[in-house]
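Step one of this worksheet: look at the structure below.
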Amino acid sequence: MLASQFVNRGRNRWEYPREGRMQVPVRLYLPDHWLETVDDESIQQLLDAAELAGTTEVFGLPDIHSGYGLPIGGVLATEAPLGVISAGAVGMDINCGVRLLRSNMVVSELNKESLRTILGTIEQRIPAGIGKDTIHKELQGKIAKNVVEQGVQALSELDMLWDFDLPRIEDQGCFPGGSLDAVSKKAKERFNQLGTIGGGNHFIELQEVVEVHDTKAADVFGLFLGQLVVMLHSGSRGFGQQVCTDYSRLMLEAQKKYGLEIGNKGLAAVPLFSEEGQRYWQAMAAAANYAYANRQVMTYDIRTSIEQVMGKSAKELGLSLVFDVAHNLARMEEHEGKELIVHRKGSIRALPPEHQSNPDIYRKTGHPVFVPGSMGTSSYVLTGLPSNKETLHSINHGAGRIMSRTQARKGISSKQLKDSMKGIVSSKHALKSLDEAPAAYKDIDAVIETLVEIGFTRHVAKLRPIGVIKG
DNA sequence: ATGTAC
């Protein structure tokens with residue numbers, strides 16, 4: 001058990017001392033009783049990452065579980081100009097992320113029938129599940145170049161974007177440097193999924209604000225007790241997956257000439273400031289913009305669906321964006337005078353109040369971040385705090401698996417899943433996703449508490465699911 | 001995560 005090699009470094013903090021070719025120690029942020037539940041594979045992935053050239057930080061957050069190359073719930077930082085970028089450490093689903101839409105509606109004043117109709121209407125417009133293409137034929141062909149270069153702005157000519165949305169998206173919905181030239185033909189052929197939710201843990205949920213812990217911040221975010229909100233979790237679909245696959249393979253070859261071979265293929269990496277590194281960055285940015293645009297198109301479809309059912313305009317209904325946060329992305333960031341390449345995989349950047357990189361509208365509070373639990377359990381709205389500097393302003397992105405998908409399909413019964421979804425309007429797909437059952441995940445309340453306890457994040461509001469669409 | 005496979 002590799003977990004037993006960790007030394008306690010204070011509350012919820014663990015460290016695996018540097019050894020062999022490791023450049024730095026590896027850290028874990030977990031309560032005592034969860035340390036032994038971390039599988040060797042996840043830990044080995046962190047130890048491997050510590051061997052990469054230029055690595056300055058490697059750590060796992062409370063939702064850590066093994067992934068491709070780097071674990072999900074993992075952060076890897078390397079120092080420029082010599083540090084590396086790894087496609088696998090960003091993840092297959094580039095710029096997978098979560099956005100939250102608010103409303104002026106109060107859940108207790110809505111009847112169950114309209115909630116059902118809203119969900120049904122959204123389901124008709126937004127294809128769910130693996131391999132599904134968009135219903136928006138206008139989003140193919142020429143517009144692809146604009147989408148990967150400009151992100152959500154490319155959608156304004158189609159009236160799918162409100163001016164009000166822009167400051168409410170990380171990077172204002174445009175990760176600079178995206179280029180279609182850096183993307184393979186195969187990836188371009190998979191462009192036609194803009195406006196689709198995908199599979200796995202992706203979802204659209206109608207939720208109710210059931211607790212407000214920070215009324216000041218909630219007010220700035222436009223949230224109040226009893227309110228109906230819509231949460232959306234999706235990424236760059238087949239397009240991003242193809243970019244990751246292409247570049248991971250390319251990096252595996254190219255790393256040899258830079259003398260960067262390590263055992264873990266999923267962590268194949270090249271110097272960021274090499275020809276290959278720069279090309280990946282352009283492709284990653286293209287996929288990041290695709291993902292922002294994907295969530296924007298779905299926002300348009302959600303607004304249209306709710307308008308249709310409620311008989312009022314989306315603006316009258318107050319269906320504005322709270323924020324949109326990425327949780328699979330690499331960024332160039334300055335930390336204590338160093339230029340770092342920060343890979344966050346299943347991890348969110350949560351900037352503290354007053355941090356300069358916050359959007360102006362959220363400068364005083366720190367921008368909101370969203371941490372969904374598993375299907376059928378609560379989600380959280382949080383903000384960063386100054387002491388999360390230690391994690392380069394990163395927090396976990398979800399609850400984290402305790403059972404693999406295969407284990408869950410074998411060990412969880414259909415009845416058990418249905419019982420855990422009692423009282424929640426659920427799509428057919430949702431009730432079939434045994435591998436997404438709450439029992440396959442850690443308890444989200446306890447996961448959130450891990451970082452709240454050590455002052456890395458602040459609790460703003462808690463959201464309860466009332467309707468779920470899954471892929 | 002993913003037209004779940006070199």
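Here is the naming used below: chain letters follow the sequence lines, and residue numbers restart at 1 for every chain. Nothing here was measured: the structure is a model prediction, and the numbers come from that model.
- Comparing A:Arg405 and A:Arg249 by the nucleotide of DNA chain B whose heavy atom lies nearest to each, the residue mapping closer to the 5' end is A:Arg405.
- Residue pairs meeting the ring pair (Phe, Tyr, Trp, His ring centres under 6.0 Å) criterion with at least one member in residues 259-282 of chain A, sequence neighbours excluded: A:Phe175-A:Trp281, A:Tyr247-A:Tyr280.
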Do A:Phe323 and A:Phe221 pass the ring pair (Phe, Tyr, Trp, His ring centres under 6.0 Å) test, and can you show the C-alpha distance, the side-chain angles, and the key distance before you say yes or no?
CA-CA 8 Å; A:Phe323 206 51; A:Phe221 301 161; 8.5 Å; no
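- Put simply, CD1 on A:Ile72 is 13 Å from C1' on B:dT2, counting in whole angstrom units.
- Across the protein-nucleic acid pair, A:Met92 atom CE and B:dA5 atom P stand 11 Å apart, rounded to whole Å.
- Non-hydrogen atoms lying under 4.0 Å from DNA chain B are contributed by nothing in residues 175-186 of chain A.
- No contact: A:Gly67 has no heavy atom under 4.0 Å from any strand.
- Residue A:Ile130 contributes atom CD1, which lies 5 Å from atom C1' of B:dT2 at whole-angstrom precision.
- Heavy-atom contacts from other residues, nucleotides or ligands closer than 6.0 Å to NZ of A:Lys137 number more than 12.
- In this structure, A:Phe6 and A:Tyr16 have perpendicular ring planes: the angle between them is above 60°, well past the 30° mark.
- Going from atom OG1 of A:Thr450 over to atom CD1 of A:Ile395 covers 11.5 Å, rounded to the nearest 0.5 Å.
- Between the NE2 atom of A:His233 and the P atom of B:dT2 there is a distance of 9 Å, rounded to whole Å.
- Residue contacts for A:Gly198: at a heavy-atom cut-off of 4.0 Å it reaches the sugar-phosphate backbone alone, with no base atom in range.
- Between atom CD of residue A:Gln296 and atom CG of residue A:Leu232 there is a gap of 10.0 Å, rounded to the nearest 0.5 Å.
- If you measure from atom CG of A:Asp93 to atom C1' of B:dT4, you get 14 Å, rounded to the nearest angstrom.
- Between A:Lys470 atom NZ and B:dT2 atom P the separation is 11 Å, expressed in whole Å.
- Counting non-hydrogen atoms of other residues, nucleotides and ligands closer than 6.0 Å to NZ of A:Lys188 gives a total above 12.
- Across all strands, A:Gly235 comes closer than 4.0 Å to no nucleic acid atom at all (heavy-atom distances).
- The CG atom of A:Asn192 sits 14 Å away from the P atom of B:dT2 (whole-angstrom rounding).
- A residue-by-residue look at A:Arg409 and A:His202 shows that A:His202 has its nearest nucleotide of DNA chain B further toward the 5' end.
- The separation between A:Ile197 atom CD1 and B:dT2 atom P is 10 Å, rounded to whole Å.
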